Number of protein chains: 2
Amino acid sequence: MVNAGKRSGRPRAGEERLSREAILTAALRIVDDEGIDALTMRRLAATLQVNPMSLYHHLPNKSAVLAGLAELVFADLTPVNRTDATNPADSADQATAAAAASWQDQLKEAARAYRNGLRAHPNLALQVLADTSAVSGVVVATMEPFYRALDQAGLSPREIFEAANTLIDFIHGFSLGEASVRADTFELAPDLIAQVNALPPGKAPTLTRIVGELGETGLAYDFDSGFESGLATVTAGIAARR
Amino acid sequence: MVNAGKRSGRPRAGEERLSREAILTAALRIVDDEGIDALTMRRLAATLQVNPMSLYHHLPNKSAVLAGLAELVFADLTPVNRTDATNPADSADQATAAAAASWQDQLKEAARAYRNGLRAHPNLALQVLADTSAVSGVVVATMEPFYRALDQAGLSPREIFEAANTLIDFIHGFSLGEASVRADTFELAPDLIAQVNALPPGKAPTLTRIVGELGETGLAYDFDSGFESGLATVTAGIAARR
DNA sequence: ACCTGAACACCGTTCAAGT
DNA sequence: ACCTGAACACCGTTCAAGT
């Protein structure tokens, strides 16, 4: 109601309509509701009941809006935002819980949490995964749980670095596939079988045979079990190379 | 020279200027040379010296152009395009060479070839990796070398399916990272160190410590060795879970 | 300082008209 | 059948002007 009147010029103190945060929040809502293509500067301004040009006082251009959104997603993904241990009891509990699980289980938990964070905004996943801003503070903080688990595995710093990169790459690739299909309509099995059967005979004999042996039921695919399988493989590989 | 005259209407027999293939070839050149944003229907028409609307007689819309480009990349990626063994000697040679290498080495070679195919058009990588057309004939044929190697490892059909998916997901995630940075300006090490050091103290203690122990020289990163490391890990994981 | 209006240089695509 | 011209409904962004 406060913003109902259409005035122009600088707003009075206490009734600022715009801020970087408000703009990004509105942008995230548009993307979540209607997809990345629905996000235009003009549309964004309209939902904020503001002139399109006003946005440029808070963000330099559209790609800064997209980068800001990617940052938001990673910020949500970062676990507890504790800069120091203000509650020793909680800290102790956490440490105990962490120590109880094997490093493999800790690593898998970190991976599941990371994947879930990326799934929270499927329409944004591609943008998030592609954005070069991937080297930014919020993103880097996101890697801590992976490093913690791998540290407990007794790996060298170099090995920790490489193992974390490998696992994160797998999660990115998996999430890309997961985000690229609108989950409602997609079924991997029939599509894959149809495509394989449509291949010129002899072009991919092993693929054809294996998919045939699997059969339609054997191929029943869900993303959750596919993720767990890949996670088990990567974890086993890290363990094997210690 | 044949096309120098500006006529309108239907071209005479034998001087067709446009075809789906010609359009896609021109589009690929634009994307390779100037990036994905430079590809517009109007620009594409201009380089073909044709009215923008003419394109719509060969491709339904712009996203069909992008999907067609993704298809081109995968087609280049598919190995020998042999529908039957017309040359028994060649076939035998190939089989012998394949049998000589371990399944691990075959799998790694398949992975390297796949990565190299994705690197051939870096400006298109994101589009290729994201496009849902990823479930299409050319893409499926691309998976044959992975299936062949995994079949020799003695895995069950289900295990082959899952292992191939895991490895391909890793390659996709890796390639995404590789494509997201313009290789000329990017250096991971200084950026990562700077970001980690900028973190509020205590926010990511393990990460901070490990990166510190690695040091600037230890972090000297190149994509080739990062890829080999991940490849070794995933392959070891597949072997360990047999 | 912050917001606005008008304008510029683009887009993708439809539709009716040419040959 | 294939290509064109004009038009529609959009874009992101600059720039000068308001308060």
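Sequence lines set the chain letters: A, B, ... in the order given, protein chains first and strands last, and positions in each chain run from 1. Every value quoted in this text rests on a predicted model; they were computed, and no experiment measured them.
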Atom-to-atom span, CG of B:L59 to C1' of D:dC2 - whole angstrom: 14 Å
What I want to check is whether the side chains of B:D222 and B:S225 have a donor and an acceptor closer together than 3.5 Å. yes
Taking only the side-chain heavy atoms of B:N51 (C-beta and beyond), determine which of C:dC2, D:dC3, D:dT4 contains the nearest atom. D:dT4
Identify, with sequence neighbours excluded, every residue that meets side-chain hydrogen bond (donor to acceptor under 3.5 Å, both in side chains) alongside A:T206. B:E144
Counting only distance, no hydrogens or angles, is the base of D:dC2 paired donor-acceptor with the side chain of B:H57 under 3.5 Å? no
For atom C1', what is the distance between D:dC2 and C:dA16, given to the nearest Å? 15 Å
Atom-to-atom span, NE2 of B:H58 to C1' of D:dT4 - whole angstrom: 14 Å
Return yes if some donor-acceptor pair links the side-chain N/O of A:S175 with the main-chain N/O of A:H172 below 3.5 Å, else return no. no
Salt bridge (charged side-chain N to carboxylate O under 4.0 Å, His left out) contacts touching residues 115-124 of chain B (sequence neighbours left out): B:R115-B:E178, B:R115-B:D224, B:R119-B:E178, B:R119-B:D224
Short side-chain N/O contact to D:dC2 OP1/OP2 from B:S54, under 4.0 Å: no
What nitrogen or oxygen pairs link the protein and nucleotides 10-12 of chain D at under 3.5 Å?
residue	atom	partner	partner atom	Å
D:dG12	OP1	A:M41	N	3.0
D:dG12	OP1	A:K62	NZ	3.2
D:dG12	OP2	A:M41	N	3.0
D:dG12	OP2	A:R42	N	3.4
D:dG12	N7	A:R42	NH1	2.4
D:dG12	O6	A:R42	NH1	2.9

Which string of ( ) [ ] | and . matches DNA chain C, if you list each base 5' to 3' and count Watson-Crick or G-U pairs only when both distances are under 3.5 Å? ||.|||||...|||||.||
Which whole-number value in Å describes the distance from B:R20 CZ to D:dC3 P? 16 Å
Taking A:T166 for its side chain and A:E162 for its backbone only, find out whether a donor-acceptor pair lies under 3.5 Å. yes
Contacts of B:F146 meeting ring pair (Phe, Tyr, Trp, His ring centres under 6.0 Å) (sequence neighbours excluded), chain-then-number -> B:Y114
Protein-nucleotide distance (B:L18, atom CG; D:dA1, atom P), rounded to Å: 17 Å
Measure CG/A:D37 against C1'/D:dA9 and give the value in whole Å, please. 16 Å
Is any side-chain heavy atom of B:L59 closer than 4.5 Å to a side-chain heavy atom of B:L55? no
Return a table of donor-acceptor pairs under 3.5 angstrom between the side chains of residues 33-40 of chain A and protein atoms on other chains or two or more places apart.
residue	atom	partner	partner atom	Å
A:E34	OE1	A:R43	NH2	3.0
A:E34	OE2	A:R43	NH2	2.3
A:T40	OG1	A:R43	N	3.0

Provide, to the nearest angstrom, the distance between the CG atom belonging to B:L55 and the C1' atom belonging to D:dG5. 15 Å
If we only count heavy atoms from C-beta on, is the A:M41 to A:M53 side-chain gap below 4.5 Å? no
